[in-house]
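Just so it is clear, the values below take in all heavy atoms, side chains as well, and ignore hydrogens, waters and symmetry mates. A note on names: the letters A, B, ... follow the listed sequences, proteins ahead of strands, and every chain is numbered from 1.
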2 protein chains.
Amino acid sequence: MSAAKTKKTATNETALAEQLRAVSLRPTQQRMALADLLFGRGNSHITAEALYSDALTAGVNVSLATVYNALHTFTAKGLLREITIDSTRSYFDTNVDEHHHFYFEKSGRLEDIDHNRVKMTRLPDAPEGLSVSRIDVVIRVDG
Amino acid sequence: MSAAKTKKTATNETALAEQLRAVSLRPTQQRMALADLLFGRGNSHITAEALYSDALTAGVNVSLATVYNALHTFTAKGLLREITIDSTRSYFDTNVDEHHHFYFEKSGRLEDIDHNRVKMTRLPDAPEGLSVSRIDVVIRVDG
DNA sequence: AACAAGATTAGAATAATTCTAATGTTAGGG
DNA sequence: CCCTAACATTAGAATTATTCTAATCTTGTT
């Protein structure tokens, strides 16, 4: 890998743009760049600050406010899932399928747990008139 | 209930003081007052701001910084459990037994779920060399 | 190409929490 | 009982994460 400075291929670009249009979001430069950083890699748990810094490193001209804006917009559209475990920061998870998490207390890192590795055979009903929107299981480990 | 302006009884005072001494904390005025507000009522999920405001209402002379200090100290000593669900605030739970929570998305309120109302029959092992310190199950409901 | 809708921007503003350095209080020894 | 060392408290400044604002710029469409 010497040339090709991670220049998005036309295909990739189109795919991303389509993904955004599919949820009625305009594929603007910054959104495309952020989407590429978020979805162009493996699934990950990223903070706004971390994505911002990735963007700067990648030479994307974007402000932190725009990063927050994009993350929240993507979350509202179901492209991301927001996870709060530590009050000092929110993570955005590119894995929006049903799944759970390991939380490493020392490093503050999150790791996915496929949902079929956890089985709950007894659960309380939602309080009268309400419905469950999500069940989060977080296994905290001391590492 | 007309007289007795929630004046702590000597017994109550002693019990609280003992509770604090038991975890090597000195029963200072502010700590006693905060402990009374926290433990003198039913189990609850309270934020630092809310406890601070309760303290002011009760005429306790304490600063917000001291409230944070006391909450963290109590948590470190195992008298409280800290729960973060919403990145905008931390809750402190006076119930330190194993249990889970309902989270009401609209109101931001938490409600305990006794741990035997949830049964997990399959759980992944902790990653190599690490041990599980806690498992949190949060059932989010749309109310 | 021009327009309206919506997005981006930087920086100010806000909110929650932590830090700091001076001052006050407690527990235990004398 | 009083003194002292150890620890707790205080207010406010500082920090960190996040949101808001109002001006400016882009995008998709005509």
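A close approach under 4.0 Å does occur between a side-chain nitrogen or oxygen of B:Arg21 and OP1 or OP2 of C:dA27. In this structure, A:Gln29 reaches the D:dT27 phosphate: one of its side-chain N or O atoms is under 4.0 Å from OP1 or OP2. Applying the 4.0 Å criterion to OP1 and OP2 of D:dT27, one finds that A:Thr28 has every side-chain N and O outside that range. Residue B:Arg89 has no polar side-chain atom (N or O) positioned under 4.0 Å from OP1 or OP2 of C:dT17. A sub-4.0 Å separation between OP1 or OP2 of C:dT17 and a side-chain N or O of B:Ser90 is present. Contact between the side-chain N/O atoms of B:Ser63 and the OP1/OP2 oxygens of D:dT10 is found at a separation under 4.0 Å. One finds no side-chain N or O of A:Arg26 lying less than 4.0 angstrom from the OP1 or OP2 phosphate oxygen of C:dA5.
Closest contact between the side chain of A:Gln30 and the listed nucleotides C:dT25, C:dT8, C:dG6 involves C:dT8. The nucleotide whose nearest atom lies closest to any side-chain atom of A:Ala48 is, among C:dA7, D:dT18, D:dT9, D:dT18. In this structure, of D:dG28, C:dA27, C:dT9, it is C:dA27 that holds the atom nearest to the side chain of B:Pro27.
Across every non-hydrogen atom of B:Val141 and B:Phe102, the tightest pair is CG1-CD2, 4.1 Å. Nearest heavy-atom pair, B:Ile85 versus A:Thr84, reported as atom, atom and distance to 0.1 Å: O-CB, 3.4 Å.
Here B:His101 and B:Tyr91 keep their ring centres 6.0 angstrom or further from each other.
The closest donor-acceptor contact from the side chain of B:Thr75 to the backbone of B:Leu71 lies under 3.5 Å. In this structure a side-chain-to-backbone donor-acceptor pair under 3.5 Å is missing from B:Arg140 to A:Ile135.
Applying the side chain to side chain donor-acceptor pair (under 3.5 Å) criterion to B:Thr121, with sequence neighbours excluded, gives no partner residue.
Nucleotides of DNA chain D nearest to B:Ser24 and B:Ala65 differ in position, and the one nearer the 5' end is that of B:Ser24.
In this structure, CG on B:Leu51 lies 5.0 Å from CG on B:Leu38, to the nearest 0.5 angstrom.
Using a 4.0 Å heavy-atom criterion, one finds that A:Thr88 contacts the sugar-phosphate atoms exclusively. Residue-level contact check: B:Asp86 touches neither bases nor backbone, having no heavy atom under 4.0 Å from any strand.
What separates CG of B:Leu64 from P of D:dT9 is a distance of 14 Å, to the nearest Å. Residue A:Met32 contributes atom CE, which lies 17 Å from atom C1' of C:dG6 at whole-angstrom precision. The separation between B:Leu25 atom CG and C:dA27 atom C1' is 14 Å, rounded to whole Å. In this structure, B:Asn61 atom CG and C:dG24 atom P are separated by 13 Å, rounded to whole Å. In this entry the distance linking CD of A:Glu49 with P of D:dT19 reads 13 Å, nearest Å. Between the CG atom of B:Leu20 and the C1' atom of D:dA8 there is a distance of 13 Å, given to the nearest Å.
Taking a 4.0 Å limit (strictly below) on heavy-atom distances, residues 68-85 of chain A reaches DNA chain D at A:Tyr68, A:His72.
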Evaluate side chain to side chain donor-acceptor pair (under 3.5 Å) for B:Asp86 paired with B:Tyr103, printing each intermediate quantity in order. CA-CA 10 Å; B:Asp86 182 306; B:Tyr103 175 64; 3.3 Å; yes
